[in-house]
Amino acid sequence: MNKEKFIINLFVYNSYKNLKTIFKYLYLSKINISKIIIIDNNSSNSISNKKKIIKSINDKYKFNISLIVNKKNYGLGGSHKILFSLLKKEKFDFFLNLGTTNRYYISLVLKDVVKNYKKNYDYYLFSRFLNKKNTKNYNFLRKVMNVFFIKLTKLLTGINLTDPGSSTMVVSQKFFKKVKQSIFIDITNGSHFTHFLNVKFCNLKIKYLEIPIIWKEGNVKSHLNAMSYVFILFFSLIKFALTGKFFSEKNNNFSFQSFKL
């Protein structure tokens, strides 16, 4: 096992059924995991049920786990902001953001983390679009829109990421400690958060590496509204090009319960 300490973050929204597999691969990985933070964005099951599920899985693996249950659904961005506030108080070498919707192979991601994290980058971002096989089942419009927004992001922000909307990332503590809250606190709490965060991170002139990821449909329904997502993303990127800022999020008062398991 490697000596560098990792904090693993798992965002959960009605995806508890996938935790058993994720815990298994975390346990089998060669990553030195000091803590797992599970942020539940107000899933529909009860708190007692959530704790019971996690405890029954973790009885086998004995991880140090903090369960954070949001009082409301604060969106992907809101959950990230809660995570970042918690990480400010933690000691670690890297933190790894993982999804729980079964849209990629956790085991392969963990192997790539072990393979790459010692290469002295600030930021490692897993990209769907470095692997062309990931889009073979996309319809024509979806393919066109993905290419369009990747190129538009480069044109309007100068950021040449192949998957700026990715939230599967490894971040070094050295870089994270340099990031001021103002970098992310005014970004939307919605699903555009990671796209805008990656733009802002890259504008800090960080040293980053993109890593291919094998993508699939997953087994948890997406609540993303494609039409509104595209509309908001388009005008947000234009606003950033004109002003250097995205549309500001005014609701940043978050309430949550914390449990140590």
Counting neighbours of [atom1] on [X] that are heavy atoms of other residues, nucleotides or ligands and sit closer than 6.0 Å, is the number greater than 12?
| X | atom1 | answer |
| --- | --- | --- |
| Tyr105 | OH | no |
| Gln181 | CD | no |
| Asn139 | CG | yes |
| Lys216 | NZ | yes |
| Lys239 | NZ | yes |
| Tyr25 | OH | no |
| Tyr138 | OH | yes |

Handout entry: Side chains of Asp40 and Ser43, donor plus acceptor under 3.5 Å
Key =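 Short answer, yes.
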Practice task
State whether a side-chain donor-acceptor pair under 3.5 Å links Ser79 with Asn70.
Solution key: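 Checked: Ser79/Asn70 side chains pair up, N/O donor to acceptor below 3.5 Å.
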Side-chain donor or acceptor of [X] paired with backbone N/O of [Y] under 3.5 Å:
| X | Y | result |
| --- | --- | --- |
| Asn252 | Ile185 | yes |
| Lys62 | Asp59 | yes |
| Tyr124 | Tyr117 | yes |
| Thr135 | Lys132 | yes |
| Ser34 | Phe6 | yes |
| Asn116 | Asp112 | yes |
| Asn189 | Glu249 | no |
| Asp163 | Arg128 | yes |

Problem - Lys207 to Tyr121 six-membered ring, cation-pi geometry met (6.0 Å, 45°) - result: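 Yes - Lys207 lies over the ring of Tyr121, closer than 6.0 Å to its centre and within 45° of its axis.
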Problem - cation_pi(Lys81, Phe184) dist<6.0 Å, angle<=45 - result: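 The answer is no, since Lys81 fails at least one limit relative to Phe184.
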Tell me the closest heavy-atom pair linking [X] and [Y], and the distance in Å.
| X | Y | value |
| --- | --- | --- |
| Ser191 | Leu224 | OG-CD1, 3.1 Å |
| Tyr74 | Ile82 | CD1-CD1, 4.0 Å |
| Ile68 | Ser258 | CD1-OG, 3.4 Å |
| Phe92 | Leu87 | CE2-O, 3.6 Å |

Does a side-chain heavy-atom distance below 4.5 Å link [X] with [Y]?
| X | Y | value |
| --- | --- | --- |
| Asn41 | Val12 | no |
| Ile150 | Pro164 | yes |
| Ile232 | Phe247 | no |
| Asn203 | Phe240 | yes |
| Trp215 | Arg103 | yes |
| Ile159 | Asn198 | no |
| Thr153 | Leu161 | no |
| Phe126 | Tyr104 | no |

Exercise for the section: Could you name each residue pair satisfying salt bridge (charged side-chain N to carboxylate O under 4.0 Å, His left out) that touches residues 8-29, not counting sequence neighbours? Expected result: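 Listed once each, the pairs would be none.
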Exercise for the section: Take the angle between the ring planes of Phe196 and His192 and call it parallel below 30°, perpendicular above 60°, tilted in between. Expected result: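 Phe196 and His192: parallel rings.
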Practice task
May I ask you to decide if the ring planes of Phe234 and Phe148 are parallel, tilted or perpendicular, using 30° and 60° as cut-offs?
Solution key: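 Correct class here is parallel.
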Practice task
Step by step, work out the side chain to side chain donor-acceptor pair (under 3.5 Å) result for Asn97 and Ser167.
Solution key: CA-CA 7 Å; Asn97 235 19; Ser167 62; 5.2 Å; no
Handout entry: Aromatic centroids of Phe23 and Tyr27 separated by under 6.0 Å
Key =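 No: the rings miss the under 6.0 Å criterion.
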Problem - Rounded distance (nearest 0.5 Å) linking atom CE of Met169 with atom CZ of Phe95 - result: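 Going from the CE atom of Met169 to the CZ atom of Phe95 covers 6.5 Å.
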Exercise for the section: For residues 84-94, pull every pair meeting side-chain hydrogen bond (donor to acceptor under 3.5 Å, both in side chains), keeping only residues two or more places apart or in separate chains. Expected result: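 Pairs touching residues 84-94 that pass the test: Lys35-Glu90.
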